[in-house]
Amino acid sequence: MAYWLVKSEPDAFSWDDQVKRGKKGEPWSGVRNHTAKLNLMKMKTGDRAFFYHSNVGKEIVGVVEIAREAYSDPTAEEGSPWVCVDTVAVEPFKTPVTLDQMKADPKLSEMALIKFSRLSVQPVTAAEWKHVCKLGGVKA
DNA sequence: GCCAACGTTGGC
DNA sequence: GCCAACGTTGGC
């Protein structure tokens, strides 16, 4: 299984919104960056991702699962190359893990979140996943 | 094909 | 609200 991190501005789509979608999930659409798109295309059903609130909060607030692999993004122009996946809420963090916390943690110094701060869909290593789950108070 | 200008993202 | 980082666009 692979691990990921996806970003959303809570003003646009928050963790609470994701939870409200229930098992139906929500299309993770609107990605318009090729690096992010490549990551979306690598996702498999059952992969897990951290749900990160950018701008407001700047913290990981929960875990989502990939419920549907990459398909043509319905919010993009017809014939455009953009894709989205469906995400379903799995579990909220007991304690949100903040950006400051991750920056200060030597175990997480190589995280894409810190090194490529503008990438909205990014891979997370198994070691990082485990560690952040621990900080967040959830099972890896 | 280079690079300056511009737009967008996201932390501060 | 500002600005740094980065991607994209367009003139040459």
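These figures come from a predicted structure and were not determined experimentally. Protein chains get the first letters and strands the later ones, always in sequence-line order, with residue 1 at the start of each. The figures here come from the full heavy-atom set of this structure, side chains too, leaving out hydrogens, waters and symmetry mates.
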Exercise. Do A/Arg48's NZ or CZ and the ring of A/Phe50 fall within the cation-pi criteria of under 6.0 Å and 45°?
Worked result: no

Problem set entry | Euclidean distance, A/Lys130 NZ relative to A/Tyr3 OH, rounded to 0.5 Å | 9.5 Å

Problem set entry | Plane angle bin for A/Trp28 and A/Phe13 - parallel if under 30°, tilted between 30 and 60°, otherwise perpendicular | perpendicular

Problem set entry | Test item: side-chain donor near acceptor, A/Thr87 and A/Gln18, under 3.5 Å | yes

Problem set entry | Nearest-nucleotide comparison on DNA chain C, the residue closer to the 5′ end among A/Asn55 and A/Arg118 | A/Asn55

Problem set entry | Side chains of A/Ile66 and A/Asp86 in contact at under 4.5 Å (non-hydrogen atoms) | no

For this session: Mind checking side chain to side chain donor-acceptor pair (under 3.5 Å) for A/Thr75 and listing every partner two or more places apart, or none if nothing turns up?
Result: A/Arg32, A/Asp73

Seminar exercise, completed: All heavy atoms of A/Val6 vs all of A/Met43, minimum pair found to be CG1-CE, 4.3 Å

Problem set entry | Interface residues of residues 11-19 of chain A with DNA chain B (non-hydrogen, below 4.0 angstrom) | none

Exercise. Between which nucleotides of DNA chain C, read 5' to 3', does contact with chain A run, using atoms under 4.0 Å from its heavy atoms?
Worked result: C/dA5 to C/dT8

Exercise. Centroid-to-centroid, A/Tyr71 to A/Trp82, below 6.0 Å?
Worked result: no

